[in-house]
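Each remark here refers to the structure printed beneath this line.
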Amino acid sequence: MTASATSTADFLLRNVVEALPAGALEAKLAEGRPLRVKLGIDPTASDLHLGHTVVLRKLREFQDLGHVVVLIIGDYTARVGDPSGRSDQRPMLAAGEIDLNARTYRDQAFRVLDPERTEVHHNGEWLDMRVDALFALARTATVAQLLERDDFAKRYAAREPISVLELLYPLLQGYDSVAVRSDVELGGTDQTFNLLLARDVQHAYGVAPQAVLTLPILPGTDGLRRMSKSAGNYIGVAEPAEEVFGKLMRVPDAAMPLYYELLLDRPFDPELAAVESKRALARELTARFAGVDAATAAESRFNRLHVDRVTPEDVEEGPLPPGDPVHLPSLIADSFGVSRGEARRLLAQGGVRLAGKPLDIADIDVPADRLDGEILQLGKRRFRRFHRPR
RNA sequence: GGGGGGAUGUCCGAGUGGCUAAAGGAGACGGGCUGUAAACCCGUUGGCUUACGCCUACGCAGGUUCGAAUCCUGCUCCCCCCA
C-alpha cells in the first residue's frame with residue numbers, strides 16, 4: 001500500500017464511526033482508480049434533511065478526490081420500507097407518492113454533491129425483476145443470518161411482528177450494490193448490518209465486495225432522536241431560510257458540539273456563549289442551503305422577533321370579514337387555521353396581540369375600527385394584517 | 001386447522017356499568033424568564049358557545065340498562081402460540 005493512499009484514507013475517515021472490514025478502504029484506494037461510492041436514499045419523504053447531508057458531505061469529499069458517487073434513489077425499496085432502527089412496521093407508500101418524492105431528491109442532493117461526478121439511478125431499474133431472479137437473490141442469505149440484525153432480533157424476541165417483506169429489505173439493498181458494482185458504500189451507523197450484508201450478496205454474485213463506512217446519526221431538533229421526517233424533528237435543506245434558521249436556534253444547546261462536528265468544517269468552541277455558537281451555526285448552515293442573502297434576512301427577522309420583540313411589518317394581509325364588531329374567535333380560526341375553541345383559549349391565555357398589545361377574553365368582539373390596518377399576532381410567530389374591504 | 005390476545009383522544013398508554021371529554025406520559029401550543037424558537041417554571045391541549053350549556057368521541061353495526069369505553073350479539077382488521 002502506498003503512503004499517499006494511507007493519508008487519503010485518514011482524511012476520508014474523519015468522523016467515520018466504523019470502516020469495515022479493517023483496511024478495506026485503504027486497499028481500494030491503493031488500486032489508484034476512481035472508486036464507485038454508493039449511497040442509497042429511499043424517497044419516503046419529500047425532502048432531504050440535514051441528517052442526510054452528513055453522509056452527502058462525506059460523499060462530496062470522495063468526489064473532490066476524483067471518485068464517483070453513485071446515488072441510488074430507492075423507488076423500489078421505498079415500497080418495502082427499511083425497518084432499520086424501527087420497532088414497528090412501516091406503512092407502504094403509494095407508488096405515486098414515491099415518484100413525486102424521487103423527483104425532488106436529485107436536485108436537493110446536488111446542493112451538496114457535484115453533479116459532474118454523480119451517477120443517479122433508481123433501483124427500480126434492476127429490482128423490477130423476474131420471480132426466478134428474486135428466488136436467486138433470496139437464496140443468498142438465511143433467516144438466521146437476517147435475524148442477526150439487532151432490531152430484528154429484538155422484535156423477534158419481543159414477539160413483535162416482522163414481515164417477510166421487511167426481512168427481504170437488506171437483500172434488495174445488497175442487490176443494489178451488485179447492480180452498480182459499488183466499491184464503497186456509506187450510511188448511518190444504523191445501516192451497518194445492511195451495508196455488511198451487501199458484501200455477502202456481492203460475493204454471491206461474483207462481484208468484489210464493497211468497503212463499508214458508517215457515519216454518526218444526527219439528532220433532530222429535539223436533540224434526542226435521530227432526525228427524521230416522521231419524528232417531526234427535521235430541518236429540510238429546501239425549507240425557507242427563516243425556518244432553517246429558526247429551527248436551528250431551537251436545537252437544544254447540548255446538541256451543539258455534535259452539530260458542529262457533523263455539519264461544519266470547524267470545531268465547536270466550548271468557550272463561546274451557547275447562543276453565539278448556535279447563532280453562528282444557524283447562520284452558516286442557512287447560508288449553505290438558502291444563500292447568504294436569505295440567511296442574513298432570516299437572521300435579522302429572527303432578531304426582531306425573538307430578541308427585540310418587535311412586530312414585523314412585512315406580514316401577510318387579509319380582508320376583514322363583513323360585520324361590526326368582528327367576532328375574534330372566528331377571525332382567528334379562519335385566518336390561522338386553528339379551531340374557534342383554540343382561538344378562544346389563546347385569547348384567554350394572553351396569546352393574542354393586536355398592534356403589539358395583548359388582548360384578553362373580554363375582547364371577544366372587537367370593533368372593526370380597531371382591527372383595520374392593524375396587525376393581529378397569534379403566539380410568537382404568527383401574524384396577519386387586516387384591512388376593511390373597500 | 002386449533003388456541004389465546006388486541007383495536008381508546010396527535011402518539012404511547014390507563015381505565016371493566018354512573019364521580020369519564022376519559023388517569024399518566026410524550027408531543028404540540030400559550031405565558032413567564034432569557035443575548036436562543038435552548039434550559040427552566042406555570043398553564044392549555046375534541047367541536048360549538050361571552051357564558052349557562054349543547055354536541056360528538058373509546059374499530060364498525062346492533063342490543064341490554066334509568067345510565068355503557070366498560071355487559072351481550074354479529075362484523076372488520078391486527079398480533080402471538082400450537083399444528
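Predicted model, so just to flag it, every value in this text is computed and none were measured. Below, chain A is the first sequence line, B the second, and so on; all start at residue 1.
- Applying the 4.0 Å criterion to OP1 and OP2 of B:rC11, one finds that A:Arg225 has every side-chain N and O outside that range.
- Between A:Tyr205 and A:Tyr175, the distance separating the two ring centers is shorter than 6.0 angstrom.
- A:Arg345 has no carboxylate O lying under 4.0 Å from a charged side-chain N of A:Glu342, or vice versa, which leaves the two without a salt bridge.
- When the nearest nucleotides of RNA chain B are assigned to A:Leu224 and A:Glu276 by heavy-atom distance, the more 5′-ward of the two goes with A:Leu224.
- The distance between atom CG of A:Asp360 and atom P of B:rG30, rounded to the nearest whole Å, is 18 Å.
- B:rC60: Watson-Crick or G-U partner is B:rG74, with both key distances under 3.5 Å.
- Across the protein-nucleic acid pair, A:Ile332 atom CD1 and B:rG30 atom C1' stand 13 Å apart, rounded to whole Å.
- When heavy atoms are screened at a 4.0 angstrom cut-off, A:Gly379 is found touching the sugar-phosphate backbone but no base atom.
- Residue A:Thr221 has no polar side-chain atom (N or O) positioned under 4.0 Å from OP1 or OP2 of B:rA37.
- Atom pair A:Asn233:CG and B:rA38:P shows a separation of 15 Å (rounding to whole Å applied).
- In terms of polar N and O atoms assigned as donor or acceptor, the side chain of A:Asp253 comes within less than 3.5 Å of the base of B:rU36 in a complementary pairing.
- An OP1 or OP2 oxygen of B:rA38 is reached within less than 4.0 angstrom by no side-chain nitrogen or oxygen of A:His306.
- A:Ala273 comes within 4.0 angstrom of a nucleotide base, judged by non-hydrogen atoms across all strands.
- B:rA14 makes up no base pair with any nucleotide shown, lacking Watson-Crick or G-U wobble contacts both under 3.5 Å.
- Of the nucleotides present, none pairs with B:rA37 by Watson-Crick or G-U wobble criteria with both distances under 3.5 Å.
- Of the residues in residues 235-245 of chain A, A:Glu242 come within less than 4.0 Å of RNA chain B through at least one heavy atom, sorted by number.
- Nearest-nucleotide positions on RNA chain B for A:Ser339 and A:Val352 put A:Val352 closer to the 5' end.
- Rounding to the nearest 0.5 Å gives a distance of 12.0 Å between CG of A:Asp176 and NE2 of A:His122.
- B:rA26 and B:rA14 have their C1' atoms separated by 15 Å, given to the nearest Å.
- Judged by a 6.0 Å distance limit and a 45° cone about the ring axis, A:Lys247 is positioned over the six-membered ring of A:Tyr234.
- Residue side chain A:Arg381 reaches the base of B:rA37 through a donor-acceptor N/O pair under 3.5 Å, judged by distance alone.
- A:Ser177 and A:Gln210 form a side-chain donor-acceptor contact under 3.5 Å, judged by distance and modelled atom types alone.
- Comparing B:rA38, B:rG35, B:rC29 by their nearest atom to the side chain of A:Pro252 picks out B:rA38.
- Which of B:rC29, B:rA38, B:rU36 sits closest to the side chain of A:Leu346 comes down to B:rC29.
- The side chain of A:Arg344 places an N or O atom within less than 4.0 Å of a non-bridging phosphate oxygen (OP1 or OP2) of B:rU50.
- Here A:Arg353 reaches the OP1 or OP2 of B:rG31: one of its side-chain N or O atoms lies under 4.0 Å away.
- Among the nucleotides B:rC29, B:rU50, B:rA38, the one closest to any side-chain atom of A:Ile364 is B:rU50.
- Minimum atom distance to the side chain of A:His327 is reached by B:rU49, of the listed B:rU49, B:rU44, B:rU36.
- The existence of a salt bridge linking A:Asp253 and A:Lys278 is confirmed by a sub-4.0 Å separation between a basic side-chain nitrogen and an acidic carboxylate oxygen.
- Remark: A:Arg384 qualifies as a cation-pi partner of A:Phe336 under the 6.0 Å distance and 45° angle criteria applied to the six-membered ring.
- In this structure, A:Arg283 places its CZ atom 14 Å from P of B:rU36, rounding to the nearest Å.
- Separation of atoms CD (A:Glu317) and CG (A:Asp314) is listed at 10.0 Å; rounding is to 0.5 Å.
- Note: NZ (A:Lys380) to P (B:rU44) measures 17 Å, nearest angstrom.
- Pairing for B:rA28 is with B:rU44, a Watson-Crick or G-U wobble pair whose two hydrogen-bonding atom distances lie under 3.5 Å.
- If you take CZ of A:Arg340 and C1' of B:rA51, they are 17 Å apart, rounded to a whole angstrom.
- B:rA51 atom C1' lies 16 Å from atom CZ of A:Arg345, rounded to whole Å.
- Using a 4.0 Å heavy-atom cutoff across all strands shown, A:Arg382 reaches sugar-phosphate atoms only and no base atom.
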